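Below is one structure, written out as structure tokens; the observations come after it.
Being a predicted model, the structure only gives us computed values, none of them experimental. Sequence lines set the chain letters: A, B, ... in the order given, protein chains first and strands last, and positions in each chain run from 1.
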Amino acid sequence: MNDQSLARAAVLRPPAAGPNPVLRLSGIGKSFPGVRALQDVELALYPGQVTALIGENGAGKSTLVKILTGIYQPDAGRIELDGAPVRFPTALSATQAGVTAIHQETVLFDDLTVVENIFLGHQPRNRFGLLDWGRMTREAKAILDRIGARIDPHVTLRELGIASKHLVAIARALSVEARVVVMDEPTAALSQTEIEELYELVDRLKADGKAILFISHKFDEIFRIADRYTVFRDGQMVEAGLIADVTEDHLVERMVGRSVDTIFPKRHAAIGPEVLAVEGYSHPTEFEDISFTLRRGEILGFYGLVGAGRSEFMQALFGVTKPSRGTVRIGRQAVAIRSPAEAIGHGIVYVPEDRGKQGAIRPLPIVQNVTLPSLGRTSRKGFLRMAEEFALARRYTERLDLRASALDQPVGNLSGGNQQKVVIAKWLATQPRVIILDEPTKGIDVGSKAAVHEFMSELAAEGLSVIMVSSEIPEILGMSDRVIVMREGRLAAEFPREGLTPEMLVRAAAGYGRAA
Amino acid sequence: MSTFLKSREAMLALALVALVALVESRFRGFAAPGNLAAVFNDTSVLMILALGQMLVIMTKCIDLSVAANLALTGMTVALVNAAAPGVPVVALIALAVGLGLLLGAFNGLLVWLLDIPPIVVTLGTLTIYRGVVFVISGGEWINSFEMSPAFTALPRMVILGLPVLSWIALLVVLLVAVLVRLTPLGRAILAVGGNAHAAVYTGISVGFTRFMAFVISGGLAGLCGYLWVSRYAVAYTDVAVGFELDVVAACVIGGVSIAGGIGTVGGAVLGALFLGVIKNALPVAGISPFWQLAISGAAIIVAVALNARAERTKGRIILKSAEHAA
């Protein structure tokens with residue numbers, strides 16, 4: 001309590017001296033197998049101020065949030081709360097120290113009421129040790145009033161929209177006397193009016209003396225609500241300062257600032273005639289009016305912020321979900337794609353982003369994973385033929401340089417990169433015309449990344465058309481012949497390879513300025 | 001995985017041999033070939049149903065209606081036989097299987113098209129099918145004297161030293177093994193249970209695959225309807241009440257994962273035999289039926305615990321490889 005009043009007092013000090021940070025991270029490092037996620041990171045959060053954390057996907061922002069909230073432990077560095085070193089070995093210890101997080105998609109319980117969600121884990125008890133419902137309800141109402149939320153505390157969360165769920169998450173944060181509030185892209189799924197309400201709430205939290213870390217890709221909102229900024233790039237902090245001192249251009253430059261065209265070489269391939277044409281593809285809730293063409297031997301990059309509707313569109317194109325409008329032509333022939341089986345029949349295949357969930361079938365052996373969509377070719381008269389299956393699997397896994405002791409070992413035993421290779425081999429074995437790769441190198445180590453890029457070049461050279469959905473700017477710039485940018489479910493821009501800069505992509509994706 | 005599963009089956013086979021040896025040590029003659037063949041014959045129906053159930057469980061569903069399906073098809077063919085003894089037995093078997101297929105298809109359609117959880121669907125149809133048995137029989141028993149001699153004789157007819165009932169079970173084992181190993185449907189069943197999401201992206205219709213598993217389970221239950229009623233030469237409303245639990249237990253003991261995607265024909269057969277031996281041995285030992293239930297239950301829990309431990313070992317292997325990568 002005493003510390004807290006000291007921190008409050010600090011706000012009142014004359015600005016010349018500057019307030020002391022509530023939370024200070026110094027020299028934080030964190031590595032995962034094959035990846036250095038964070039290196040020597042500095043971050044300071046001040047009471048009553050909003051610090052914006054800016055960086056590309058993969059810059060290490062999420063890892064930092066997980067360290068702050070006790071989900072990951074840093075390998076190096078120290079965390080100080082009010083100048084005293086602390087450790088957050090568990091999520092609970094972070095909460096108890098007053099650090100809470102509000103995630104993009106709130107992690108609350110849909111079937112519990114607002115009151116139950118707010119107090120779950122720290123319910124007030126009465127003198128018999130039973131839950132004190134009266135006090136809980138009173139306090140919940142008080143907190144909701146304080147943040148200006150008009151929510152009935154007795155409804156279940158399922159009945160609320162995302163914006164209201166955020167409010168409940170914030171109320172929950174306040175109920176534990178949070179001093180540091182981490183907001184991880186809280187506006188990503190909100191409508192415009194809801195976003196305005198959230199801004200007002202952030203202002204209230206500021207006035208309340210909370211230190212806020214605000215993660216966002218949208219420059220307009222960063223300049224609307226943030227006092228300070230910290231830029232991350234490739235797991236390192238590259239710059240921090242006051243928002244009032246910088247321009248948007250400067251931040252974009254610091255965010256992407258590096259030469260990219262040498263990292264992922266796309267070999268030259270002859271671009272042939274049009275293979276696929278999509279016209280006016282729309283979905284009631286996910287995307288609208290998507291039109292583009294794809295040519296033989298071309299790699300078409302799809303860039304956008306997370307949640308821009310790229311994967312959702314690809315799933316519709318592959319027949320997993322149904323579009324409400326729109327047509328597809330393959331070659332000159334108009335086709336209807338109503339199921340993945342039909343898409344595969346037309347030579348379109350999709351390597352999903354989440355290979356754990358949508359890609360590999362872990363209990364099945366490698367060989368059976370690879371041949372699964374090609375069983376028509378490896379079977380005769382309705383019976384599978386093992387020898388043919390092994391031959392097919394061997395051909396494509398060898399091509400991808402898959403490292404596995406035996407083709408009959410289950411895919412679940414392989415590393416992430418090798419699982420990805422199995423999934424790609426599976427699709428190549430169907431001899432497709434168009435291959436959609438959704439975040440093909442997400443979460444795999446640098447060596448495997450280069451191999452995947454090399455391989456994409458080869459596919460294009462052989463006359464396959466590739467659609468590559470990627471949120472990594474260097475990958476998009478290095479590999480694509482042409483880039484389409486999506487924003488909020490619509491086409492935002494289309495760029496040829498020549499003259500394309502990271503700034504142009506970031507601006508088109510974030511909706512800042514006019515795309516060149 | 002295949003070596004791993006083989007070793008699990010080997011373990012189960014070993015446990016089975018040990019169990020038989022234990023019983024033999026107390027009661028001379030239990031392990032005599034003739035008696036073992038009798039135990040196998042006695043377990044045939046359980047084995048056939050367990051194989052159908054295995055297919056359903058492998059798609060991450062469950063079919064609790066098999067015993068009620070058996071009772072309904074059994075009662076139907078018994079009624080037809082009693083009313084028209086001239087109808088050939090082969091036609092009655094076809095009727096039983098066909099009706100079973102329909103009942104299974106009804107389950108499958110509800111799971112596929114209405115997307116109702118399988119446990120709810122089959123709990124519902126279990127009650128419905130059992131209720132219909134009462135309605136069509138009026139609660140009456142059909143006894144052996146009302147059945148034609150050909151109807152009751154077939155399962156007991158001995159060919160090459162084994163009763164037809166045993167031969168039918170062996171045939172079903174063979175057919176299901178071929179289905180799982182050598183047909184695209186079998187592969188689809190494994191894929192759907194292993195990862196339904198990924199199966200969708202591979203172009204497999206998850207709903208249709210589950211539908212087919214229910215149809216097959218239903219068809220086999222229908223076949224068992226005839227076999228049960230003709231073997232015991234009696235049909236009544238409560239035939240095989242609660243037997244679906246034995247069937248699920250046989251699968252679980254046999255290493256079929258309730259989480260889907262994992263299971264082998266050998267495992268299901270051994271699981272059924274394990275239960276069969278327990279059920280045949282305990283009465284010989286003069287153990288009260290209530291203790292028999294408790295011992296069967298304990299066997300199930302031990303099997304599940306062992307399987308769960310096997311799954312955990314798998315997790316550790318993954319972590320090790322992650323360490324090596326680091």
## Note on the structure
What one should report as the nearest heavy-atom pair of B:Ala198 and A:Ala360 is CB-O, 4.0 Å

#### Entry: B:Pro184 versus A:Gly382, closest heavy-atom pair with distance
CD-O, 3.4 Å

### Residue-level contacts of residues 200-220 of chain B with chain A, using a heavy-atom cutoff under 4.5 Å
B:Val200, B:Tyr201, B:Thr202, B:Gly203, B:Ile204

### Message
Keeping B:Asn195 on the side-chain end and A:Arg362 on the backbone end, is there a donor-acceptor pair under 3.5 Å?
### Response
no

### Message
What part of A:Gln315 gets within 4.5 angstrom of chain B, counting heavy atoms only: side chain, backbone, both, or neither?
### Response
side chain

### Message
Testing the basics here: between A:Pro363 and B:Gly261, what is the closest heavy-atom pair and its distance to 0.1 Å?
### Response
CB-O, 4.3 Å

### Query
Quick one: side-chain contact (heavy atoms from CB on, under 4.5 Å) partners of B:Arg181, sequence neighbours excluded?
A:Met386

### Message
Between A:Thr371 and chain B, with a heavy-atom cut-off of 4.5 Å, which part of the residue counts as in contact: side chain, backbone, both or neither?
### Response
side chain

### Query
Closest approach of B:Ala191 and A:Leu372, non-hydrogen atoms and distance?
CB-CD2, 3.5 Å

#### Entry: Nearest-0.5 Å distance, NE2 of residue B:His197 to CD1 of residue A:Ile361
12.0 Å

### Task
Sort A:Phe318 into side chain, backbone, both or neither according to what part of it lies under 4.5 angstrom from a heavy atom of chain B.
side chain

### Query
Under the salt bridge (charged side-chain N to carboxylate O under 4.0 Å, His left out) test, which residues partner B:Asp115, sequence neighbours left out?
none

### Side-chain heavy-atom pair B:Leu182, A:Arg385 within 4.5 angstrom cut-off
no

### Pairs touching residues 48-62 of chain B that satisfy side-chain hydrogen bond (donor to acceptor under 3.5 Å, both in side chains), sequence neighbours left out
none

